[in-house]
Amino acid sequence: MSLLRPVLNTYLRLTERRHMARSTPQGLRVSFERKARLLFHAPRGTQQQWIRLQAGQRLVHALDIVPRVHSSDIVILYIHGGGFVFGSPRTHAAMVAQLARRLGARAVLPKYRLAPEAPYPAAAEDVRAAWKGLRATGVPAYNIFIGGDSAGGALALGLMSELAREGDAMPAGVFCFSPLADLTYSGKSFAANAQREAILPPERAGEMTRHYLAGHAADDPKVSPLFADFIGAAPLWLTVGDSEILCDDARGIAQRVRDQGEM
């Protein structure tokens with residue numbers, strides 16, 4: 001099997017790229033949900049249930065994940081990726097359940113509204129409501145780690161910048177996997193890694209962003225964290241592959257946070 005693995009990985013990468021290039025947002029949602037259900041599984045003993053997070057008039061449903069051994073007061077507020085148009089707490093539940101198991105911590109994944117049906121600022125509003133709603137349940141900010149990947153990283157970083165700007169309580173920290181930080185796609189890696197990117201074709205990334213922005217300015221700091229301020233923000237941890245189109249997004253946000261003395 002070890003000899004076949006590179007061939008299988010290449011085949012899956014190419015077929016996934018073709019599927020991503022052709023599918024509608026609705027088709028991507030169905031496909032991603034199906035693949036996640038078949039291929040990705042949480043550790044044994046993991047408990048999962050839907051909860052309601054209320055912040056004022058805004059109600060957000062979230063998937064609450066508790067590992068078999070729950071030994072920490074930490075709560076991971078995880079924002080799933082999917083180009084703002086697909087993905088859900090269910091598609092990311094297995095991965096986040098693994099993180100929760102290793103930390104002995106609980107995880108909460110909000111189900112935010114997706115474009116094109118609900119463009120900006122719907123997703124950002126839901127993520128902020130999830131943060132407020134989680135704290136309203138009695139979880140202190142200093143016990144919460146906010147995480148996200150890709151578009152979820154943009155929303156996580158946007159939430160942290162907003163909290164810092166308003167002088168609100170900070171989470172214990174923020175972590176991002178391959179965050180989408182620049183919706184203008186000005187980074188060189190967006191073009192340089194176009195053929196090396198494992199999943200998302202660059203042309204689809206731009207299309208998904210247009211669905212999300214619906215005419216809103218792409219360089220607005222509220223949608224592109226690369227242009228936001230992080231003075232007073234929580235500690236930040238980032239990771240990205242050097243073959244990804246979003247490589248320079250992660251590098252750029254790291255440099256911006258360093259320049260502001262916050263990393």
ask   = Are Met208 and Tyr212 side-chain neighbours, meaning at least one heavy-atom pair lies under 4.5 Å?
value = no

Donor-acceptor contact below 3.5 Å, side chain Ser161 vs main chain Asp229 = yes

request  = Inspect the contact between Arg210 and Glu207 and indicate whether a charged nitrogen and a carboxylate oxygen are less than 4.0 angstrom apart.
outcome  = no

key: Plane angle bin for His92 and His80 - parallel if under 30°, tilted between 30 and 60°, otherwise perpendicular   = tilted

query = What's the spacing between Gln57 CD and Leu59 CG if we round to 0.5 Å?
reply = 10.5 Å

task = In plain terms, say whether Asp126 and Arg58 are close enough for a salt bridge, that is, a side-chain N and a carboxylate O under 4.0 Å apart.
result = yes

ask   = What's the verdict on salt bridge (Lys or Arg N to Asp or Glu O under 4.0 Å) for Glu162 and Lys222, showing C-alpha distance, side-chain angles and the deciding distance?
value = CA-CA 8 Å; Glu162 183 178 0; Lys222 293 181 179 179; over 6 Å; no

inquiry  = Which residue in the set Leu77, Ile144, Asp73, Val108 passes side chain to side chain contact (heavy atoms under 4.5 Å, CB included) when paired with Val139?
reply    = Ile144

message = Please find the pair of heavy atoms, one from Ala130 and one from Leu53, that lie closest to each other, and give the distance.
response = O-CD1, 3.7 Å

query = Roughly how far, to the nearest 0.5 Å, is OH of Tyr120 from CG of Leu213?
reply = 9.5 Å

remark   = Residues pairing under salt bridge (charged side-chain N to carboxylate O under 4.0 Å, His left out) where one sits in residues 59-71, two or more places apart or in two chains, turn out to be Asp64-Arg106

inquiry  = Using every non-hydrogen atom in the two residues, find where Ala151 and Gly83 come nearest and quote the distance to one decimal.
reply    = CB-N, 3.7 Å

inquiry  = For Pro225 versus Gly158, what's the shortest heavy-atom pair and its separation?
reply    = CG-N, 4.2 Å

message = In this structure, would Leu134 and Val66 fall into the same cluster of hydrophobic residues linked by side-chain contacts under 4.5 Å?
response = no

message = I'd like to know whether Arg251 forms a side chain to side chain donor-acceptor pair (under 3.5 Å) with Gln255, so could you lay out the CA-CA distance, the side-chain angles of the two residues, the decisive distance to 0.1 Å, and finally the verdict.
response = CA-CA 6 Å; Arg251 289 172 172 167; Gln255 188 60 54; over 6 Å; no

task = Provide the closest heavy-atom pair for Ser189 versus Ile245 in the form atom of the first, atom of the second, distance.
result = OG-O, 2.9 Å

key: Where Phe84 and Ala154 come nearest, the two heavy atoms and their spacing   = CZ-CB, 4.1 Å

message = Same cluster or not: Val240 versus Leu238, using hydrophobic residues (I, L, V, M, F, W, Y) connected whenever any side-chain heavy atoms lie under 4.5 Å apart?
response = no

query = Does Tyr142 belong to the same Ile/Leu/Val/Met/Phe/Trp/Tyr cluster as Leu163, with side-chain heavy atoms less than 4.5 Å apart forming each link?
reply = no

ask   = What closest approach, in Å, do Cys247 and Gly241 show between heavy atoms, and which atom pair accounts for it?
value = CB-O, 3.6 Å

ask   = Could Glu117 and Arg29 be called an ion pair, given the rule that one side-chain N must be under 4.0 Å from one carboxylate O?
value = yes

task = To the nearest 0.5 angstrom, please state how far the CZ atom of Phe230 sits from the CG atom of Asp259.
result = 12.0 Å

note = One should read off an interatomic distance between Glu197 CD and Phe190 CZ, to the nearest 0.5 angstrom, of 9.5 Å

inquiry  = Working to the nearest 0.5 angstrom, can you tell me the gap between Asp219 CG and Phe227 CZ?
reply    = 6.0 Å

ask   = Sub-3.5 Å donor-acceptor pair from the side chain of Ser224 to the main-chain atoms of Leu226, do we have one?
value = no

message = Is there a path of hydrophobic side-chain contacts, each under 4.5 Å between heavy atoms, that joins Val60 and Tyr78?
response = no

key: Rounded distance (nearest 0.5 Å) linking atom CD1 of Ile79 with atom CG of Asp149   = 10.0 Å

Residues 36-48, side-chain donor-acceptor partners within the protein, below 3.5 Å, at least two apart:
unit_1	atom_1	unit_2	atom_2	d
His41	NE2	Leu38	O	3.1
Thr46	OG1	Pro43	O	2.7
Gln48	OE1	Arg90	NH1	3.0

Hey, can you pull the donor-acceptor pairs under 3.5 Å for the side chains in residues 168-185, sequence neighbours left out?
unit_1	atom_1	unit_2	atom_2	d
Asp168	OD2	Arg128	NH2	3.4
Ser178	OG	Glu244	OE1	2.7
Ser178	OG	Glu244	OE2	3.0
Asp182	OD1	Thr184	N	2.9
Asp182	OD1	Thr184	OG1	2.5
Asp182	OD2	Thr184	OG1	3.2
Asp182	OD2	Ser186	N	3.1
Asp182	OD2	Ser186	OG	2.5
Tyr185	OH	Ala205	O	3.2
Tyr185	OH	Thr209	OG1	2.5

ask   = Should Leu236 and Leu155 be counted in the same cluster of Ile, Leu, Val, Met, Phe, Trp and Tyr side chains packed under 4.5 Å apart?
value = yes

key: Side chains of Ser88 and Glu33, donor plus acceptor under 3.5 Å   = yes

